[in-house]
There are 2 protein chains.
Amino acid sequence: MINEFDLFKDFLHQQKLRWTPQRKMILDIFLSFDGHVQIESLYEKIRVQDPSIGIATLYRTLKLLVDCELVEAHSFQNGKKTYERMFHVRHHDHLICTSCGKTIEFEHPLIEKYQVEICEAYGFTLKSHKMELLGICNNCRMKNNNPPFL
Amino acid sequence: MINEFDLFKDFLHQQKLRWTPQRKMILDIFLSFDGHVQIESLYEKIRVQDPSIGIATLYRTLKLLVDCELVEAHSFQNGKKTYERMFHVRHHDHLICTSCGKTIEFEHPLIEKYQVEICEAYGFTLKSHKMELLGICNNCRMKNNNPPFL
DNA sequence: CTGGTTGCAAAGGATTTGCAAGTTC
DNA sequence: GAACTTGCAAATCCTTTGCAACCAG
């Protein structure tokens, strides 16, 4: 089965770049995280294994991982970037209760289909999407004595 | 009819802050833009009217506008922020180029309809939603010499 | 060996902050 | 007049870059 290391190696080879111990280690540690990873946490954990590694190498490697589509970068308000694993993970959307925080994951094939159509209409190549439905769950509605479907 | 100026004034008053000509002017010019505004464009246009205004004042005012929920801030890959009007605008979703940050607003009635269905299926009362389609715009794809719809 | 890679430190760009002078209430 | 604001410049934060020494192929 294809794994991230082989994909990255192949990518580097194609681009006439090199497979180095630093790159291997960064990918390795990156994969040990779940969800969105901040440079900071990544760097800390990396330095435990090899305190000599430079932050520049981390940034450079992350950029390569983004280029080969193994990783996706996101930006947040605070100006920090977050990196997310993109391979061997299944996409899903979220239904979130704004009262208790309860979260349900779902997918809807038709919505996904329309998303593709919209992107094509605007000349975009769709890479991913994020959809959050915010509402009040049954439980919380009962508790607060609100009528259903307010 | 309630407008942004009154809301902002009230907000400032509540917080024991002051209504100044600079703040008025920044809000005024901000509202003259559509969609997502970059600090840069905003600052340029502001300096036309008053070249003495400092960038720090612009940042400070924008932060206040975000605090009082008249404006929403978004962040992009390039590390720049974008500001979006949040009041008296119809809800819409976003198509975002993850490379250059270009943003297109759209709505799709069928997607909205399915969202309601999903919520009903799970017993949620839908309050709002957020959908972002992340991709690469035509321009950036060309620039990077990538084939279309890779 | 050749050309890519590294760690370091310095540079860069966007945003924030300290401060003295100026305003608002 | 007290407290908040301003513009300025310097500081800060995260990220990128230049470079000489170092490695992978």
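In what follows, every chain begins at residue 1, and chains take the letters A, B, ... in the order their sequences are listed.
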Trainee: Angle between ring planes, B/His36 versus B/His74, binned at 30° and 60°: parallel, tilted or perpendicular?
Mentor: tilted
Trainee: Between B/Glu40 (CD) and C/dA14 (C1'), how many Å, whole number?
Mentor: 10 Å
Trainee: Scan B/Ile55 against the nucleic acid and name what it touches under 4.0 Å (heavy atoms): base, sugar-phosphate only, or nothing.
Mentor: nothing
Trainee: With nearest nucleotides of DNA chain D determined for A/His13 and B/Arg47 from heavy-atom distances, which residue corresponds to the more 5′ nucleotide?
Mentor: B/Arg47
Trainee: If I take atom CD1 in residue A/Ile39 and atom C1' in nucleotide D/dT15, what distance separates them, rounded to the nearest angstrom?
Mentor: 8 Å
Trainee: Give the rounded distance in Å between these two atoms: CG of B/Leu62 and P of D/dT6.
Mentor: 13 Å
Trainee: Considering all heavy atoms of both residues, which atom of A/Ile136 and which atom of A/Arg141 are nearest to each other, and what is their separation?
Mentor: CG2-N, 3.8 Å
Trainee: Specify the separation, in whole Å, of atom CG of A/Leu27 and atom C1' of C/dT5.
Mentor: 17 Å
Trainee: Donor-acceptor check, side chain of B/Tyr83 to backbone of B/Val71, threshold 3.5 angstrom: yes or no?
Mentor: no
Trainee: Considering only side-chain heavy atoms of B/Tyr59, which listed nucleotide, D/dT15, C/dT15, D/dT17, is closest?
Mentor: C/dT15
Trainee: Please report, rounded to the nearest Å, how far the C1' atom of D/dT15 is from the CD atom of A/Gln38.
Mentor: 14 Å
Trainee: Over all strands shown, is A/Pro51 touching base, sugar-phosphate only, or nothing at heavy-atom distances under 4.0 angstrom?
Mentor: nothing
Trainee: Rounded to the nearest angstrom, tell me the gap between atom CG in B/Asp67 and atom P in C/dT16.
Mentor: 11 Å
Trainee: Does the side chain of B/Thr57 get closer than 4.0 angstrom to OP1 or OP2 of D/dT5 through an N or O atom?
Mentor: no
Trainee: Relative to the 5' end of DNA chain C, which residue comes earlier, A/Leu64 or A/Ala56, by the nucleotide with the nearest heavy atom?
Mentor: A/Leu64
Trainee: Quick one: is C/dT16 close enough that its OP1 or OP2 comes under 4.0 Å of any side-chain N or O from B/Lys63?
Mentor: yes
Trainee: Once you round it to whole Å, what is the distance between P of C/dT5 and NZ of A/Lys24?
Mentor: 18 Å
Trainee: Go through C/dT5, D/dG7, D/dT15 for me and flag the one nearest to the B/Ser52 side chain.
Mentor: D/dG7
Trainee: Cationic tip of B/Lys102 within the cone over A/Tyr122's six-membered ring, i.e. under 6.0 Å and within 45° of the normal?
Mentor: no
Trainee: Could you tell me whether the phosphate oxygens of D/dG25, OP1 or OP2, come under 4.0 Å of any side-chain nitrogen or oxygen in A/Lys16?
Mentor: no
Trainee: Can you find a side chain N or O atom of B/Thr20 that sits less than 4.0 Å from OP1 or OP2 on D/dT6?
Mentor: yes
Trainee: Report the nucleotide, chosen from D/dT6, D/dT15, D/dG25, that has the shortest atom-to-atom distance to any side-chain atom of A/Trp19.
Mentor: D/dG25
Trainee: Output yes when a side-chain donor or acceptor of B/Tyr114 lies under 3.5 Å from a complementary backbone atom of A/Pro109, and no otherwise.
Mentor: no
Trainee: Remember a base hit wins even if backbone is also touched, and classify B/Arg60 as base, sugar-phosphate or nothing at under 4.0 Å, heavy atoms.
Mentor: base
Trainee: In whole angstroms, how far is the P atom of C/dC25 from the CZ atom of B/Arg18?
Mentor: 7 Å
